[in-house]
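Structure record follows, encoded as structure tokens.
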2 protein chains.
Amino acid sequence: MRPDMFDELCPSSLSPIRFGDKWAGMVLRVLEHGPRRFSELRVPLHGVTAKVLTQSLRGLERDGLISRTVYAESAPHVEYRLTPLGRSMLVPMAAACAWVEEHWEELLDAREAYENAERLDRAG
Amino acid sequence: MRPDMFDELCPSSLSPIRFGDKWAGMVLRVLEHGPRRFSELRVPLHGVTAKVLTQSLRGLERDGLISRTVYAESAPHVEYRLTPLGRSMLVPMAAACAWVEEHWEELLDAREAYENAERLDRAG
DNA sequence: CTGGATCCAGAAAGATACTG
DNA sequence: CAGTATCTTTCTGGATCCAG
């Protein structure tokens with residue numbers, strides 16, 4: 001799990017599409033590759049605090065998209081994994097990601113054009 | 001344009017998927033059927049205030065998803081319509097809506113189960 | 001290691017009143 | 001008709017410190 005896997009696009013306030021809260025979509029994409037522990041999740045989502053990640057995980061668990069398992073053994077840890085429902089959501093998510101990638105330049109251009117027009121307005 | 005077209009599902013805090021801000025997705029779906037005026041948009045989106053709708057429309061315009069045209073003629077009005085980019089976003093939006101509809105019951109059940117488990121925790 | 005508790009800043013949403 | 005201005009409330013995310 002590369003620590004920089006989300007550096008460029010996510011969390012990007014530029015994408016107009018969001019799944020769950022700020023981090024939920026990224027969590028799902030990490031878990032896509034298999035179950036992960038709390039501290040493993042924090043690596044690619046660098047910058048997220050424990051509290052906020054917990055919130056996000058609780059929300060996903062509440063919606064039945066992930067499951068949480070506690071292992072109280074010698075090396076106690078907690079494991080999160082996708083449920084079938086969570087896995088099924090990867091489909092519309094992929095469609096959304098594909099759209100964003102395909103139209104990324106258009107989005108950037110539109111914003112630039114809009115802000116230029118605004119500046120002209122103010123200049124009168 | 002039925003005034004109640006969004007009453008049931010939208011704006012639903014239950015859907016974990018969102019396009020733009022709270023009202024943006026609904027605006028796009030209204031404009032799907034052709035250009036609409038400001039006051040026409042307010043009908044199906046009942047409850048939205050002029051300020052908030054304006055904000056949402058500005059955001060969509062800024063992203064190049066809709067265009068705004070002012071008609072200063074005898075009966076002055078403003079018309080909003082989808083751009084090709086905006087229309088293209090209907091595709092991933094439809095995928096998201098289909099997923100929500102298909103899994104709506106599962107989502108509700110998951111929430112109920114989660115809250116029941118919470119209540120048992122507090123009791124136990 | 002995996003969080004909970006508390007406090008805080010900024011964004012988002014809404015109520016209300018007013019304007020070209 | 002189509003907004004703007006102002007104010008208030010609510011929500012979100014984060015910082016910091018603490019605990020089983």
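Order of the sequence lines fixes the chain letters, A, B, ..., with proteins taken first and strands second; residue numbering starts at 1 for each chain. Heavy atoms only: backbone and side chains are in, while hydrogens, waters and symmetry mates are out.
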With the criterion being N/O to N/O and under 3.5 Å, what pairs connect the protein with nucleotides 8-15 of chain C, and how long is each?
from   : atom 1 : to      : atom 2 : distance (Å)
C:dA13 : OP1    : B:Lys22 : N      : 3.3
C:dG14 : OP1    : B:Lys22 : NZ     : 2.7
C:dG14 : OP2    : B:Trp23 : NE1    : 3.3
C:dG14 : N7     : B:Lys51 : NZ     : 3.2
C:dG14 : O6     : B:Lys51 : NZ     : 2.2

Within this structure, what is the CD-to-P distance between A:Glu40 and C:dG3, rounded to whole angstrom? 13 Å
What does B:Arg58 touch in the nucleic acid at a heavy-atom separation under 4.0 angstrom: a base, only the sugar-phosphate, or nothing? sugar-phosphate
Ion pair B:Glu115/A:Arg62, N-O distance below 4.0 Å: yes
What is the distance from CZ of A:Arg42 to C1' of C:dG3, rounded to the nearest Å? 10 Å
Considering only side-chain heavy atoms of B:His77, which listed nucleotide, C:dG3, C:dC1, D:dA2, is closest? D:dA2
Scan A:Leu65, A:Leu82, A:Leu60 and name whichever one has a side-chain contact (heavy atoms from CB on, under 4.5 Å) with A:Leu31. A:Leu82
Please give, in whole Å, the distance from C:dG4 P to B:Glu118 CD? 11 Å
To the nearest Å, give me how far apart CG (A:Leu53) and C1' (D:dA15) are. 16 Å
Would you check if B:Leu57 and B:Arg68 make a side-chain contact, meaning some heavy-atom pair closer than 4.5 Å? no
Between C:dG4, D:dC1, D:dT4, which nucleotide gets closest to the side-chain atoms of B:Ser39? D:dC1
What's the closest nucleotide to the B:Arg68 side chain, out of D:dT4, D:dA2, C:dC1? D:dA2
Ignoring hydrogens and geometry, is there a side-chain-to-backbone donor-acceptor pair from A:Arg42 to A:Val48 under 3.5 Å? yes
For the side chain of A:Thr54, starting at C-beta, report the closest nucleotide among C:dC1, D:dG3, C:dG4. C:dG4
Give a yes or no answer on whether the side chain of B:Ser56 reaches the backbone of B:Leu53 with a donor-acceptor pair at less than 3.5 Å. no
What's the CG-P distance between A:Leu41 and C:dG3, to the nearest Å? 10 Å
Who are the salt bridge (charged side-chain N to carboxylate O under 4.0 Å, His left out) partners of A:Glu79, not counting sequence neighbours? A:Arg81
In whole angstrom, give the distance that lies between atom CZ of B:Arg37 and atom C1' of D:dG3. 14 Å
Parallel, tilted or perpendicular: which fits the ring planes of B:Tyr80 and B:Phe38, with parallel below 30° and perpendicular above 60°? tilted
To the nearest Å, give me how far apart CG (B:Leu57) and C1' (D:dA2) are. 11 Å
Classify B:Tyr80 by what it touches in the nucleic acid, base, sugar-phosphate, or nothing, heavy-atom distance under 4.0 Å. sugar-phosphate
